[in-house]
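These numbers come from the heavy atoms of this one structure, side chains and all, not from hydrogens, waters or symmetry mates. Each chain gets a letter, A, B and so on, in the order the sequences are listed, and its residues count up from 1. Because the structure is predicted, anything quoted here is derived from the model rather than measured.
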2 protein chains.
Amino acid sequence: MISKKTKYGLKALIYLARRYEQGPILIADLARDESIPKKFLENILLNLKNAGVLQSRKGRGGGYALGRPPEKITFGQAIRLMEGPLAPVPCVSEMAYARCTECGSELTCGIRLVMKDVRDEMARILDGTTLADVLVKIDGAEDRGRNLIDFCI
Amino acid sequence: MISKKTKYGLKALIYLARRYEQGPILIADLARDESIPKKFLENILLNLKNAGVLQSRKGRGGGYALGRPPEKITFGQAIRLMEGPLAPVPCVSEMAYARCTECGSELTCGIRLVMKDVRDEMARILDGTTLADVLVKIDGAEDRGRNLIDFCI
DNA sequence: ACTTTATTCAACTATTTCAGTCAACAAAAA
DNA sequence: TTTTTGTTGACTGAAATAGTTGAATAAAGT
Ligand code: FES
Ligand code: FES
């Protein structure tokens, strides 16, 4: 299960992607609209900014915005920044490989052999999904929801 | 990342699967061979036994064994018992669905739309892999390792 | 210059989970 | 009955999670 931190961060990114053309967004507005504790959101956004995913401006007229277009930010990148490596075991991580201290031989480790496949599939989906893709998915889901209602009427 | 508990548990299951025909295995042997803290391993195995995956016998000649054949125990089952639901968010879990308290509408949640795909792929792989499958994979990997050495010579 | 509006940063706290241990207990074989 | 072995729940220390507090800093408007 992903942490609340990650979930809040992803919600914030989707929110900012939706308003990408509108200039800087206030933390306070974001926190209110998505019901995220404001102070907690502050340090999440700061993390994302330090990683280059977001940019910010202080003072009047300031706020947060995406650091690059929504098509250039993937779920995979965001999750790695907040949650750590995607891989279920360190020995199959491509971005943050580490040896498994518990396992003798890496080549013949049964856990590794299975988890490699899991990691690869997760990476394929998450690195292949940008914020722009998610906006499209959401719009599609909304339309389908509306049609269902229309159909009922 | 999976917890050590889960990793130890999976190692134990693979170990017991390999020795499925040999009758009960002592915790002490298992702990020594896989270098798992014995006391910790005890309550991991107990969990698995209470879930029906393992069986045990007390006294001399006792020990632990699989509760059913290796072809009937999947990685997915084992991981769910030790690590909890596979799903990254509770709202896409099939075995342990729960509403996401943080999200307003479930139907149009961008996180959910993406994580649904992730969960389904993970479930496909992990529920589709039995202990017997893993043993075969390990043997295959060992053979490939040997061939590589032969080739070098 | 001064105030207002914002983000930034360090430090602090409470709660929960993880990793592992202890000691008393129960069952079965010798 | 004694010894060997597994069973169980309670316990502990360390780390991660989920926040909070409060002061510092920066930019814009007056
Ligand atoms: S080597 Fe990484 S899980 Fe075994
Ligand atoms: S992630 Fe579950 S509804 Fe949004």
Side-chain angles (χ1 to χ4, degrees), chain A residues 1-12 16 22-32 34-67 79 81-85 88-90 100-102, chain B residues 1-12 16 23-32 34-67 79-85 88-90 100-102:
Chain A
M1 293 275 180
I2 65 178
S3 63
K4 290 200 177 185
K5 179 179 176 180
T6 302
K7 211 159 167 180
Y8 290 154
L10 290 175
K11 275 172 166 294
L16 293 175
Q22 294 176 26
I25 303 288
L26 298 186
I27 292 186
D29 291 349
L30 215 172
R32 183 180 16 80
E34 299 287 342
S35 34
I36 301 172
K38 189 185 165 212
K39 280 294 188 177
F40 193 18
L41 183 57
E42 279 180 20
N43 54 42
I44 295 170
L45 295 184
L46 190 55
N47 277 359
L48 291 173
K49 185 205 157 180
N50 290 336
V53 174
L54 297 180
Q55 56 182 307
S56 69
R57 268 183 53 193
K58 287 184 176 181
R60 184 165 293 176
Y64 272 95
L66 297 186
I79 290 175
L81 288 172
M82 295 182 290
E83 193 78 9
V89 283
C100 287
T101 50
E102 303 87 3
Chain B
M1 292 276 179
I2 65 178
S3 63
K4 290 200 177 187
K5 179 179 177 180
T6 302
K7 212 159 167 180
Y8 290 154
L10 290 175
K11 276 171 166 295
L16 292 175
I25 303 288
L26 297 186
I27 292 187
D29 290 348
L30 216 170
R32 181 179 18 79
E34 298 288 342
S35 35
I36 301 173
K38 188 184 164 212
K39 285 293 185 174
F40 193 17
L41 182 58
E42 278 179 21
N43 54 41
I44 295 171
L45 295 185
L46 189 54
N47 278 358
L48 292 173
K49 183 202 157 181
N50 289 336
V53 174
L54 296 181
Q55 56 182 308
S56 69
R57 266 184 54 194
K58 288 184 177 181
R60 182 164 295 178
Y64 272 95
L66 297 186
I79 290 176
R80 282 196 193 87
L81 288 173
M82 296 181 290
E83 192 77 10
V89 284
C100 287
T101 50
E102 304 87 3

* Asked: Expressed in angstrom and rounded to an integer, what is the separation of A/Ile36 atom CD1 from D/dA18 atom P?
  -> 13 Å
* Contact list for DNA chain C against residues 49-62 of chain A - heavy-atom distance below 4.0 Å -> A/Lys49, A/Ser56, A/Arg57, A/Lys58, A/Gly59, A/Arg60
* **Distance in angstrom units between A/Leu30 CG and C/dT7 C1', rounded** => 14 Å
* Take atom CD1 of B/Ile2 and atom P of D/dA16, then tell me their distance rounded to the nearest Å. => 17 Å
* **side chain to side chain contact (heavy atoms under 4.5 Å, CB included) partner of A/Leu48, chosen from A/Leu16, A/Leu54, A/Leu66** => A/Leu54
* Structure fact -> Whole-Å distance, A/Ile25 CD1 to C/dT7 C1', equals 15 Å
* To do: Return no unless some side-chain N or O of B/Tyr8 is found under 4.0 Å from OP1 or OP2 of C/dA19.
  => no
* Asked: Whole Å only: how far is the NZ atom of B/Lys38 from the P atom of C/dA23?
  -> 14 Å
* C/dT17 phosphate, OP1 or OP2, under 4.0 Å from B/Ser3 side-chain N/O -> no
* Sidechain-backbone polar pair: B/Glu83 side chain, B/Ser3 backbone, donor-acceptor under 3.5 Å -> yes
* Asked: Just how far, in rounded Å, is C1' of D/dA16 from CE of B/Met1?
  -> 15 Å
* Asked: Between B/Ile79 and B/Ile2, does a side-chain contact (heavy atoms from CB on, under 4.5 Å) hold up when you go through it step by step?
  -> CA-CA 9 Å; B/Ile79 290 176; B/Ile2 65 178; 5.5 Å; no
* Structure fact -> Between B/Gly9 and B/Met82 the two heavy atoms that sit nearest each other are CA-SD, 3.7 Å
* **Residue mapping more 5' on DNA chain D - nearest nucleotide basis, B/Tyr64 or A/Lys4** => B/Tyr64
* Structure fact -> Atom CG of B/Leu48 and atom P of D/dT8 are separated, to the nearest Å, by 13 Å
* Asked: Within the structure shown, what part of the strands sits under 4.0 Å from B/Lys39 by heavy-atom distance: base, sugar-phosphate, or nothing?
  -> base
* Structure fact -> Which of A/Leu41, A/Ile44, A/Leu10 passes side chain to side chain contact (heavy atoms under 4.5 Å, CB included) with A/Lys5? Answer is A/Ile44
* 5' priority, DNA chain C, between B/Glu83 and B/Asn43 [closest heavy atom] -> B/Glu83
* To do: Apply the test side-chain contact (heavy atoms from CB on, under 4.5 Å) to residues B/Tyr8 and B/Leu30: give CA-CA distance (whole Å), side-chain angles for both, the deciding distance (0.1 Å), then the verdict.
  => CA-CA 10 Å; B/Tyr8 290 154; B/Leu30 216 170; over 6 Å; no
* **Which atom of B/Gln55 lies closest to which atom of B/Lys49, heavy atoms considered** => CA-CG, 4.3 Å
* Which part of the nucleic acid does B/Leu26 contact within heavy-atom distance under 4.0 Å: base, sugar-phosphate only, or nothing? -> sugar-phosphate
* Between P of D/dA24 and CD of A/Glu42, the distance in whole Å -> 16 Å
